[in-house]
Number of protein chains: 2
Amino acid sequence: MAQKVTITDVARHAKVSRQTVSNVLNTPGLVREDTRRRVLEAVETLGYRASQAARQMRTGRSRLIATRIEPTRDDIDGTVYDRFLHGLTESAAEAGYRVLLYTADDDQSEIATIDDLLAAYEPDAFVLTDTHHGDVRTSWLAGRRLPFVTFGRPWGMPEGPSHPWVDVDGAAGTAAATRHLLDAGHRRIGFIGWPPGSGVGDDRRAGWARTLAAAGVDPAGLDRASDGGVAAGEALARDLLDADRPATALLCVSDSLALGALHAARSPGAGGRANGGAGMPIAVIGFDDTSAARAMGLTSLSQPLAEAAACCVALLARALDGAGVIGEANGGAFDEARSGAGLGAHGPVATPVGTETSRSPGSTMAPTAPGGPPAQVLLQPSLVVRRSA
Amino acid sequence: MAQKVTITDVARHAKVSRQTVSNVLNTPGLVREDTRRRVLEAVETLGYRASQAARQMRTGRSRLIATRIEPTRDDIDGTVYDRFLHGLTESAAEAGYRVLLYTADDDQSEIATIDDLLAAYEPDAFVLTDTHHGDVRTSWLAGRRLPFVTFGRPWGMPEGPSHPWVDVDGAAGTAAATRHLLDAGHRRIGFIGWPPGSGVGDDRRAGWARTLAAAGVDPAGLDRASDGGVAAGEALARDLLDADRPATALLCVSDSLALGALHAARSPGAGGRANGGAGMPIAVIGFDDTSAARAMGLTSLSQPLAEAAACCVALLARALDGAGVIGEANGGAFDEARSGAGLGAHGPVATPVGTETSRSPGSTMAPTAPGGPPAQVLLQPSLVVRRSA
DNA sequence: GTGAAAGCGCTAACAA
DNA sequence: TTGTTAGCGCTTTCAC
């Protein structure tokens, strides 16, 4: 066990009082240059790092950000949040925070867990994921004035100022994908989505419908939905491909559905009917750019998850550490956040095809917070084109 | 912000002194029944939960377990650790611990981060993953007598007592898979592995080689290796299928390589040569049973990751909380650990095909700790059979 | 069986 | 500018 070095040791070594050491660390401006240097040298020599527990007792701040890790879902789509978590841990570390994990099966048990956590570990903030209609977690947290950000919009909430959130513009993504398919000559572009009522699913469907409408294409009979996985995707794809006016391209709300669709599309004879026997192959596009999509050559919409995580941390840092600290603390992640939010620029794109740059008309954009950039950030997904489209 | 309820509030409410409350919570045996009940009632009413920070200052225990989350790898194989992490968080919670996350790019920076964490948050223990030859992290931790478990054997260490570890018997898995292929009539079973020198990869290859040898099959020319992903798997598979004596089945060290191999195996004409024009299709088996494998109908070896995580927590709980508490604290996970470790029974199998039950001869099994079950646990993977084999 | 006192390491307020 | 004092909430002696 490494010897515990306390502030007293440092003070003794630097021949100053304990408080001076504390000042050097927390309020460097108050301390004379040479004293400061001597103290820092002692800190370095002794390898001193302040005890969070002691600091927390005094300041009430734990420098902990808590977030939920979903119960093990072995499906393809579950990996998305894991990637977000990677980014969150990295960004948090850069901002001087650590990530504390918890699990919960539903909203109510999550609230209970948050309550426990609050009493025991006092995390400074929470990052909530998977927001949905009638989300009781956000109102619970907001009611207690606890700092939090959601990765996901406050679906179904009345317009106007809300809690800080970061999200990816799904509608813009599916719009870009639809346009990509239109540009490739497709007209009958089917959509395989989730059943209506899911904020994310409806948003993604809207981008497809809107783009089809703008191109003068009637979407009638091209819309299917399921909350299943690969098998469901395959079945719905077959249904769309066997319809009276069969689809020639399939846009899917998730990679798991898309992989099923891809299987149907690549199966012998699938393209036959739709394209008059020898036309182009059925195009398939998924959503999330999972590793499975990559492996299967599935074109997919990629969410900037690391950026989203960085924005979450930036938003929290702003709320927790006050304005002005943000730029240094997180390596400029917040600037990225702003640029993606609706200033015309779009985030880093490292893919063959550009992103949808225009803001999605249907998306909510709450007014800016007084005296600062918006606390609502909408990032743009990018289309990663592979063999399947 | 929820009103903070301190032990003083509880004491006042129950009309006892502060440490009587503390006694009720920490040493219930010392307190008279009715006093105890009154105090617990007050705790309930007020919703009191002890502050970890304050408790930690006094006891030196944080009830935090720290583990690394790998930098975002968008490959298929990276999802394995994520699933382990889900389980770890759940099991830790059941044992009264929370999981604290950190990131690091290599062993040295991980050690530095651990050192930082130790000074600041004082985690009670660490869970290390991805152990490898010449792992400096374990010796660093062991040298400081810090409690830790690894998920992964201490590859390349001299036999004998070592630190506590939990691992999955890869060789037994590939042996079972090989036997499955032999039973199906295959003789020329190729292996696509990682380059020699990786403990995990070599172990998995050994299970294949040993089983082939036991069946009297000459493995010459059937062994390939790469540290690449899907594309590499496809290339190596083609190589094996185009050889003078082509393979009729392919066993792969990872799902990403296997998915590539599957693509090669399913491509038109692949089975032709090997099976004399019209034989059975090329069989492919992967490792890790990832979501991509499931989606693609790839037969794969499934690691009991949740059990592994539970064993890690059980081992830590034993070291931290002392013997005797384990049974209650973690819901019997430790018993599972023992049974999987070499007592003849095998872990839960929810798959069509049974697991390899016999202990792998090549695997290390350090002596039991004095006065307790072994601190080394070897779990068995199970073969999940799908279309590909 | 219960209560009083001390102190973990830190920092905010105040004194010098 | 630096040092002193006090106390965050808890548990571990030690009296009673």
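Below, chain A is the first sequence line, B the second, and so on; all start at residue 1. These numbers come from a predicted model, not from an experiment.
In terms of the side chain to side chain donor-acceptor pair (under 3.5 Å) criterion, residue partners of A:Thr20 (sequence neighbours excluded) are, by chain and number, A:Ser17. For A:Leu25, the side chain to side chain contact (heavy atoms under 4.5 Å, CB included) partners are A:Val21, A:Leu40, A:Val43, A:Tyr48, not counting sequence neighbours. For A:Arg58, there are no side chain to side chain contact (heavy atoms under 4.5 Å, CB included) partners two or more places apart in sequence or in a different chain. In this view, A:Asp34 and A:Arg32 satisfy the salt bridge (charged side-chain N to carboxylate O under 4.0 Å, His left out) rule, not counting sequence neighbours. The ring pair (Phe, Tyr, Trp, His ring centres under 6.0 Å) check on B:Phe126 picks up nothing, with sequence neighbours excluded. Listed by chain and number, the residues in a side chain to side chain donor-acceptor pair (under 3.5 Å) with B:Thr35 amount to none (sequence neighbours excluded). Residues meeting the ring pair (Phe, Tyr, Trp, His ring centres under 6.0 Å) test with A:Phe151, sequence neighbours left out: A:Phe84. Residues satisfying the salt bridge (charged side-chain N to carboxylate O under 4.0 Å, His left out) test with A:Glu33, not counting sequence neighbours, are A:Arg36, A:Arg37.
Under a 3.5 Å cut-off, the side chain of B:Tyr81 and the backbone N or O of B:Arg68 do form a donor-acceptor pair. Using a distance-only test at 3.5 Å, with no hydrogens or angles considered, no donor-acceptor pair links the side chain of A:Arg98 to the main chain of A:Ala93.
No contact: A:Ala53 has no heavy atom under 4.0 Å from any strand.
The bend of the helix from C:dG1-D:dC16 to C:dA16-D:dT1, defined by the angle between the axes of its first five and last five pairs, stands at 40° to the nearest 10°.
When rounded to the nearest whole Å, the span between CD of A:Glu122 and C1' of D:dC10 equals 13 Å. One interatomic measurement links the two molecules: CZ of A:Arg32 to C1' of D:dT2, which rounds to 9 Å at whole-angstrom precision. For A:Met57 and D:dT11, the CE to C1' distance is 11 Å, given to the nearest whole Å. Distance, B:Arg63 CZ to D:dC10 P: 16 Å, rounded to whole Å.
With DNA chain C read from its 5' end, the first of the two nearest nucleotides for B:Thr20 and B:Ala54 is the one closest to B:Thr20. Along DNA chain D, the nucleotide closest to A:Asp34 and the one closest to A:Arg18 are compared, and the more 5′ of them pairs with A:Asp34.
Nucleotides of DNA chain C with any atom under 4.0 Å from a heavy atom of chain A span, from 5' to 3', C:dG9 to C:dA13.
One finds no side-chain N or O of B:Ser51 lying less than 4.0 angstrom from the OP1 or OP2 phosphate oxygen of D:dG9.
The salt bridge (Lys or Arg N to Asp or Glu O under 4.0 Å) analysis of residues 12-28 of chain A, with sequence neighbours excluded, yields the pairs A:Asp9-A:Arg12.
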Using a cut-off of under 3.5 Å, enumerate the N/O to N/O pairs linking the protein to nucleotides 12-16 of chain D.
unit_1: D:dT12; atom_1: O4'; unit_2: B:Arg58; atom_2: NH2; d: 3.3

